[in-house]
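Read the structure below first, then the notes.
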Amino acid sequence: MQETHTIVVPDVSAEVRQQLLAFVLQLADTSLILAHRLSEWCGHGPILEQDLAMANISLDLLGEARSYYQYAAELEGRGRTEDDLAYLRSAVEYRNPLLVEQPNGDFAHTIVRQFLYDAFHYHLLLQLQAGPDQQLAAIAEKSVKEAAYHVKWSAEWIIRLGDGTDESRRRVEAAITALWRYSGELTTPSATEQALQQAGFVPDYAAIQQQIDEHVTRVFAEATLPVPQGVFMQKGGKTGRHSEHLGYLLAELQYLQRTYPGLTW
């Protein structure tokens with residue numbers, strides 16, 4: 001059963017409304033894909049406490065994704081539901097950045113991916129909750145409390161792995177080498193984001209990048225890890241150009257709805 005909420009749609013032009021729809025879908029897709037990746041750890045975590053922590057973070061992100069999809073359905077105005085938007089769109093229609101679709105790898109890879117995203121996510125939500133879009137502000141106000149825990153959790157693990165054993169340091173350094181190239185896309189605005197920044201609906205990513213840099217530098221210093229420099233940044237996810245990993249992920253995530261269209265429970 002769908003939950004019912006009062007959704008406030010801003011009084012804007014049709015063009016801005018379409019741009020908002022694209023941005024909200026991007027936020028929804030990002031939260032959903034990362035939630036699914038983290039759910040793959042359920043029952044496989046290194047220790048029970050961290051297994052449950054990742055499951056809880058996954059549920060937080062899934063709840064956030066649902067709120068965005070509900071808002072997106074209202075913005076679209078075509079009668080589609082949150083489930084339609086999550087389960088009945090192809091990989092090329094998804095707009096999540098490449099970082100979140102990368103495979104879990106080992107625990108260090110999962111932690112590095114999570115920390116790089118958390119550092120961005122937390123600072124983005126801080127800005128969105130003060131923005132002019134009432135619905136986005138309400139979602140951000142609720143989600144930022146959870147994001148504060150997420151970034152604290154992943155930062156603590158970066159420090160433990162970096163300043164731990166030789167093996168843990170080797171693994172976290174390998175993960176940083178593999179995943180750092182995807183972090184730049186988070187704060188590289190797409191054409192849609194640029195238009196919404198000019199309209200005042202999306203915050204300045206340059207300012208957010210400065211906050212991220214300070215946060216990451218501080219955590220890496222405590223972890224005795226060097227911050228990568230001069231790395232070429234991959235991008236494409238925000239415009240629907242994804243790695244092969246997303247197709248496999250969606251094949252699993254969307255299987256039931258694709259196999260039994262319209263199935264309800």
Side-chain angles (χ1 to χ4, degrees), residues 27-69 86-87 94 96-125 139-140 142-165 167-180 182-183 186 212 215-216 219-220 222-223 225 237 243 245-246 248-256:
L27 296 175
D29 293 344
T30 302
S31 292
L32 178 65
I33 297 305
L34 186 53
H36 186 81
R37 277 294 185 224
L38 288 172
S39 76
E40 294 172 346
W41 271 103
C42 192
H44 302 281
I47 56 177
L48 180 59
E49 180 183 3
Q50 301 312 318
D51 192 299
L52 293 173
M54 287 185 284
N56 282 326
I57 293 171
S58 175
L59 287 172
D60 289 342
L61 291 169
L62 182 60
E64 187 178 349
R66 289 195 60 201
S67 296
Y68 289 135
Y69 281 129
Y87 295 123
Y94 267 68
N96 58 278
L98 297 172
L99 175 68
V100 298
E101 69 194 45
Q102 299 309 304
N104 287 332
D106 60 15
F107 186 64
H109 272 71
T110 293
I111 291 299
V112 170
R113 183 190 62 200
Q114 190 66 38
F115 177 64
L116 293 176
Y117 177 69
D118 288 341
F120 165 74
H121 186 214
Y122 174 68
H123 291 292
L124 174 65
L125 292 176
I139 297 170
K142 176 182 181 298
S143 300
V144 75
K145 301 178 181 68
E146 298 164 345
Y149 164 73
H150 300 170
V151 73
K152 180 176 181 292
W153 178 82
S154 57
E156 288 175 350
W157 271 107
I158 290 287
I159 294 166
R160 290 178 188 175
L161 295 172
D163 196 28
T165 66
E167 179 66 11
S168 71
R169 184 181 181 86
R170 181 187 69 79
R171 287 178 179 267
V172 77
E173 286 181 334
I176 292 168
T177 299
L179 294 170
W180 189 267
Y182 300 110
S183 63
L186 298 172
I212 293 171
H215 194 156
V216 170
V219 171
F220 274 34
E222 192 169 348
L225 292 167
S243 66
H245 306 301
L246 183 64
Y248 290 109
L249 184 153
L250 289 178
E252 179 179 280
L253 187 152
Q254 298 178 336
Y255 172 79
L256 197 61

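Because the structure is a prediction, the values reported are computed rather than measured. Start at 1 with the first residue, then count along the sequence.
- Between the S183 side chain and the W180 main chain, a donor and an acceptor come within less than 3.5 Å of each other.
- Side-chain contact between I47 and Q50 is present, with at least one heavy-atom pair separated by less than 4.5 Å.
- Expressed to the nearest 0.5 Å, how far CG of L59 lies from CD of E64 amounts to 13.0 Å.
- Between L161 and I111 the shortest side-chain heavy-atom distance falls below 4.5 Å.
- For F107, the CZ atom is densely surrounded, since the number of other residues' heavy atoms within 6.0 Å is greater than 12.
- From L186, atom CG reaches atom CG of L124 across 9.5 Å, with rounding to the nearest 0.5 Å.
- Sorted by first and then second residue, the pairs that involve residues 149-164 and meet salt bridge (Lys or Arg N to Asp or Glu O under 4.0 Å), not counting sequence neighbours, are K152-E156.
- In this structure, CD1 in I57 is found 6.5 Å from CG in D118, a value given to the nearest 0.5 Å.
- The main-chain N or O of T165 is found under 3.5 Å from a side-chain atom of S168 such that the two form a donor-acceptor pair.
- Counting only N and O atoms by type, the side chains of E252 and Y248 include no donor and acceptor under 3.5 Å apart.
- The two residues A119 and V216 make their nearest non-hydrogen contact at CB-CG2, 4.3 Å.
- Closest approach of V112 to A175, counting heavy atoms only: CG2-CB, 3.6 Å.
- Here CD1 of I139 is found 8.5 Å from CG of L27. Values are rounded to the nearest 0.5 Å.
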**Item:** Audit row: T30, L61, side chain to side chain contact (heavy atoms under 4.5 Å, CB included) steps and yes/no
**Value:** CA-CA 9 Å; T30 302; L61 291 169; over 6 Å; no
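- A donor atom on one side chain and an acceptor atom on the other are not found under 3.5 Å apart for W157 and Q114.
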**Request:** Start with the C-alpha gap between I33 and L246, add the side-chain angles, then the distance that decides, and say whether side chain to side chain contact (heavy atoms under 4.5 Å, CB included) holds.
**Result:** CA-CA 8 Å; I33 297 305; L246 183 64; 3.7 Å; yes
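- A distance-only check finds a donor-acceptor pair linking the side chain of N56 to the backbone of L52 [under 3.5 Å].
- How far NE2 of H150 is from CG of L38: 9.0 Å, rounded to the nearest 0.5 Å.
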**Request:** Give the intermediate values and the outcome of side chain to side chain contact (heavy atoms under 4.5 Å, CB included) for residues Y182 and L116.
**Result:** CA-CA 9 Å; Y182 300 110; L116 293 176; over 6 Å; no
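- Nearest heavy-atom pair, Y68 versus S31, reported as atom, atom and distance to 0.1 Å: CE1-OG, 4.2 Å.
- By the side chain to side chain contact (heavy atoms under 4.5 Å, CB included) test, R169 is found to be paired with E173, T224, L225, P226, residues two or more places apart in sequence or in another chain being considered.
- Taking every heavy atom of both residues into account, A178 and H109 meet most closely at CB-NE2, 3.8 Å.
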**Message:** The test is side chain to side chain contact (heavy atoms under 4.5 Å, CB included); show your working for W153 and M54 and say whether it passes.
**Reply:** CA-CA 10 Å; W153 178 82; M54 287 185 284; 3.6 Å; yes
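- Few gaps surround CD on E167; more than 12 heavy atoms of other groups in view lie less than 6.0 Å from it.
- Checking H121 against E146 by side-chain atom types alone, no donor-acceptor pair falls below 3.5 Å.
- Side chain of Q254 to main chain of A86: a donor-acceptor pair is present (N/O by atom type, distance under 3.5 Å, no hydrogens or angles).
- Distance alone, capped at 3.5 Å, is enough to place a donor-acceptor pair between the D51 side chain and the G43 backbone.
- Between the side chain of Q102 and the backbone N or O of L179, no donor-acceptor pair lies under 3.5 Å.
- With hydrogens and angles disregarded, no donor-acceptor distance shorter than 3.5 Å links the side chain of R113 to the backbone of V100.
- Looking at residues two or more places apart in sequence or on another chain, you find a ring-ring contact (aromatic ring centres under 6.0 Å, His included) between H215 and F115, H123.
- Rounding to the nearest 0.5 Å places OH of Y149 at 9.5 Å from OG of S154.
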